[in-house]
Amino acid sequence: AENEVLQTKADSDDETIREFGGHVSKTNPDFVLTFDGNSVHWPYLVKRADKTKTPLRVGRDGGPPHQSLYGHYSLIGRANVDLLNFADDLYAVKNKTIEDVAKYLGIELSSQNPIDETAYFEHWSNLNQRKNLVKHVEEQTKAILKIGQEAIDYVIQMSALSGLPPDQVIAAAVGFRVDNYLMMETHNLGQLIPSRMEQPIIPYKGAIVLEPKIGLHDNVASLDFSSMYPSLMIKYNISPDTLITGRETDDIFEVPEVRHRFRNHPSGFYRIVLTKLIEARKTTKAELKRTAPSDPRYTLLKAREKAIKVMTNAVYGYAGWAGARWYSKEVAESAAALGRETINRAISIAKSLGLTVFYGDTDSLFVNHDEKLVQKFQGEIDRQLGLEINLTEVYKRILFTEAKKKYAGLKTDGQIDVVGLEAVRGDWSNLARDVQNTVLRMVLEDAKPDRAATYVKGLAADLRSRMLPLSAYVIWKTLTKPVAAYEVNAPHVEAAKKMAKEGWSVTAGDKVGFVITKKTGKLYQKAEPHYKVSTDDIDYDYYVNNQIIPAAARILEVLGLTENQLIAEPGSQARLSGRSERG
DNA sequence: TTTCCCTGCTTACCT
DNA sequence: ACAGGTAAGCAGGGAAAT
């Protein structure tokens with residue numbers, strides 16, 4: 001039956017593998033979906049099939065999977081899609097678990113308490129608990145299918161655009177998707193494809209980030225240039241094949257600041273492909289407007305539009321990537337310089353119209369939302385710069401911290417946008433994130449810190465009696481290299497070492513969950529793998545002083561409160577001296 | 001001997 | 001393993017304070 005979860009009663013590897021192959025042949029799917037299959041399930045199955053000398057018949061040819069490009073396994077005649085690769089494109093999902101990805105995509109899961117990998121063995125060993133483990137895996141299997149249904153249109157559209165097969169395109173890094181897309185277009189133009197060359201990495205100056213106007217501001221609009229870098233590259237014909245290296249002076253454009261020169265005519269390669277991409281996106285958007293959301297083509301068009309957008313936005317970065325076939329430092333550097341000129345001129349225009357600029361980053365500006373002035377501003381950007389700037393959001397109230405790239409705004413629909421702050425960082429505890437989100441809502445709604453300060457003080461005073469689940473205290477950090485390669489001690493590395501000692505395979509790219517315990521010594525000596533900790537072991541002082549207070553203070557300091565004011569009841573010196581050391 | 005301050009390593013975020 | 005710009009915590013070491 002469709003969407004049926006198959007379970008085997010086989011009790012040996014060879015029997016299980018044989019049965020699995022039989023089911024694949026019988027079902028004969030076009031797509032095979034896994035979650036982390038390229039790193040875990042396929043290599044494992046291949047190894048066990050080898051060891052037991054059992055044929056792993058999963059391809060349409062009845063053959064085994066083959067290791068392919070981009071760290072991916074391919075099945076002959078089927079598209080083997082590893083949905084973890086799709087999840088990597090979902091920036092908002094911090095910890096790429098099946099459960100978190102499903103939740104983000106709005107997929108309902110019937111089980112609320114998934115079993116952590118580290119508890120699998122224990123569940124398997126205990127016959128009563130084994131049932132729960134089987135149930136859990138069944139739930140995950142169903143979730144993977146649903147995630148696949150959400151991903152499939154995007155995968156197919158990205159494949160159609162880039163020319164890479166659907167199973168490869170999602171495994172391929174962004175640079176290789178662009179590379180392949182450009183190769184396709186070169187072919188369409190009847191031109192030759194340059195070979196990839198070893199290039200030294202030469203850094204260059206990038207975008208401008210403005211100093212934010214610290215504090216709470218009411219009625220603020222955010223505006224964004226639409227496709228700023230692509231638009232500038234098209235406008236000034238910035239491309240490797242239009243770059244002038246000789247003495248030409250006729251019909252040329254010199255980029256401000258960096259002084260690279262480009263021919264105005266004929267159109268260069270990047271102008272041609274970027275124009276094509278932008279036109280394709282416009283066409284798709286127009287078609288979407290004519291299509292009812294219930295129409296099956298609607299999701300397909302949405303996916304196509306997203307794929308085109310992703311590709312368009314990646315071209316500038318690609319041009320500055322030393323591994324690109326069409327690498328040109330001059331091109332990337334010129335686009336960046338033109339971007340800086342653009343934002344600077346936009347700031348001048350805004351100010352000349354009487355608008356206040358609160359903040360800006362690369363291609364965005366935050367100004368007071370005076371509707372008439374903002375419209376006039378957009379008109380002037382079009383007239384003076386020949387570029388489009390869109391009103392993307394209106395905030396009833398917005399808070400800028402002293403730091404760049406960290407702010408939060410209350411939108412007109414009551415939702416809060418949080419940018420860069422601890423609340424959106426995956427390497428802070430859920431506890432700290434929840435506290436900061438709560439503080440932000442209180443502050444943005446009240447426009448004063450009192451309610452939030454009382455809340456934080458209350459929580460800090462009796463954290464342990466709140467009996468929060470352990471998951472509130474777990475901190476997740478990525479291991480970016482093998483544990484032995486680290487130069488300095490760090491809590492997540494120490495926790496990883498402890499896991500390795502117990503036989504867990506911890507490798508670069510893994511997320512390590514740890515909890516700070518009451519043990520003595522440096523912080524890294526207090527860190528324990530999350531699954532080994534009980535709530536009795538938690539160092540509550542650390543979580544108050546180094547998680548809750550800093551996360552709350554980041555916001556409340558903007559309104560004049562200090563960290564100390566959040567810890568101490570007025571006049572209580574005892575608590576002040578009771579703080580644990582910070583760094 | 002303890003505290004303070006600076007620097008480098010490290011991770012994650014923003015556009 | 002698309003780009004550069006930015007914040008921030010912790011470790012470690014030496015200088016300054018006790």
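Chain naming here is simple, since letters A, B, ... match the order of the sequence lines and numbering starts at 1 in each.
Rounded to whole angstrom, the span from the CZ atom of F176(A) across to the P atom of dC2(C) amounts to 7 Å. Between L164(A) atom CG and dA1(C) atom P there is a gap of 18 Å when expressed in whole angstrom units. Rounded to whole Å, the distance from CD1 on I343(A) to P on dT15(B) is 12 Å. Straight-line distance from the OH atom of Y486(A) to the P atom of dT11(B): 4 Å, rounded to whole Å. In this structure, M158(A) places its CE atom 12 Å from P of dC2(C), rounding to the nearest Å. Rounded to whole Å, atom C1' of dC2(C) lies 17 Å from atom NZ of K329(A). If you take NE2 of H492(A) and P of dG9(C), they are 16 Å apart, rounded to a whole angstrom. In this entry the distance linking CD of Q525(A) with C1' of dA11(C) reads 11 Å, nearest Å.
For dG5(C), the paired base is dC13(B) (Watson-Crick or G-U wobble, both distances below 3.5 Å).
Using a 4.0 Å heavy-atom cutoff across all strands shown, Y359(A) reaches no nucleic acid atom at all. Among the protein residues, Y524(A) comes within range of the sugar-phosphate backbone only, with heavy atoms under 4.0 Å from sugar or phosphate atoms but none that close to a base. Within the 4.0 angstrom heavy-atom criterion, only backbone atoms of the sugar-phosphate kind lie near G426(A); the bases stay farther away. Counting any heavy atom pair closer than 4.0 Å across all strands shown, V424(A) reaches sugar-phosphate atoms only and no base atom. Base engagement by K405(A) is indicated by at least one non-hydrogen atom pair under 4.0 Å involving a base atom. As judged by a 4.0 angstrom heavy-atom cut-off over every strand, A207(A) is placed among residues touching the sugar-phosphate backbone only. Here A332(A) lies out of heavy-atom contact (under 4.0 Å) with every strand. Across all strands shown, G317(A) has heavy atoms under 4.0 Å from base atoms, whether or not it also approaches the sugar-phosphate. Among the protein residues, V178(A) comes within range of no part of the nucleic acid, since none of its heavy atoms lies under 4.0 Å from any strand. Note on R554(A): only backbone sugar-phosphate atoms sit closer than 4.0 angstrom, heavy atoms only; bases stay farther off.
A close approach under 4.0 Å does occur between a side-chain nitrogen or oxygen of Y407(A) and OP1 or OP2 of dT15(B). Listed pair K406(A) / dA7(C) fails the phosphate criterion, with no side-chain N or O lying under 4.0 Å from OP1 or OP2. Side-chain N/O atoms of N489(A) include one lying less than 4.0 angstrom from OP1 or OP2 on dG12(C). Note on K481(A): a side-chain N or O is less than 4.0 Å away from OP1 or OP2 of dT10(B). At the phosphate of dA3(C), neither OP1 nor OP2 sits under 4.0 Å from any side-chain N or O atom of N313(A). The side chain of K94(A) places an N or O atom within less than 4.0 Å of a non-bridging phosphate oxygen (OP1 or OP2) of dC13(B).
Between I208(A) and Y318(A), it is Y318(A) whose nearest contact on DNA chain C lies nearer the 5' terminus.
How far CG of D539(A) is from OG1 of T520(A): 11.0 Å, rounded to the nearest 0.5 Å. Atoms CG and NZ, from D89(A) and K306(A) in turn, are 7.0 Å apart once rounded to the nearest 0.5 Å. Taking CG of N313(A) as the start and CG of L277(A) as the end, the distance is 10.0 Å to the nearest 0.5 Å.
Of the candidates dA7(C), dA3(C), dT10(B), the closest approach to any side-chain atom of W321(A) belongs to dA3(C). Set against dG9(C), dG4(C), dT6(C), the side chain of P203(A) has dG4(C) as its closest nucleotide. For D427(A), counting side-chain heavy atoms from C-beta on, the closest listed nucleotide (dA12(B), dG5(C), dG4(C)) is dA12(B). Listed candidates were dA12(B), dG5(C), dG9(C). Nearest to the side chain of R425(A) is dA12(B). Of the listed nucleotides (dA8(C), dT15(B), dG12(C)), dA8(C) has the atom at the smallest distance from the side chain of E402(A). You'll find that the side chain of T362(A) is closest to dT15(B), out of dC10(C), dA7(C), dT15(B). Residue D224(A) has its side chain nearest to dT15(B) when only dA1(C), dT15(B), dC13(B) are considered. Here the nucleotide nearest the side chain of T478(A), chosen from dC9(B), dA12(B), dT6(C), is dA12(B). With dC2(C), dG5(C), dT10(B) as the choices, the nucleotide that has an atom nearest any side-chain atom of V174(A) turns out to be dC2(C).
Within 6.0 Å of the NZ atom in K235(A), the count of heavy atoms belonging to other residues, nucleotides or ligands exceeds 12. Residue K518(A) places its NZ atom among more than 12 non-hydrogen atoms of other residues, nucleotides or ligands, all under 6.0 Å distant. The 12-atom threshold is not exceeded at NE2 of H187(A), counting heavy atoms of other residues, nucleotides or ligands nearer than 6.0 Å.
V515(A) pairs with exactly one of E528(A), H530(A), K532(A) by the side chain to side chain contact (heavy atoms under 4.5 Å, CB included) rule, that one being H530(A).
The separation of dC2(C) from dT10(B), taken at their C1' atoms, amounts to 22 Å, rounded to a whole angstrom.
Taking the six-membered ring where the residue is Trp, F176(A) and W321(A) present perpendicular rings, their angle passing 60° and hence far from 30°.
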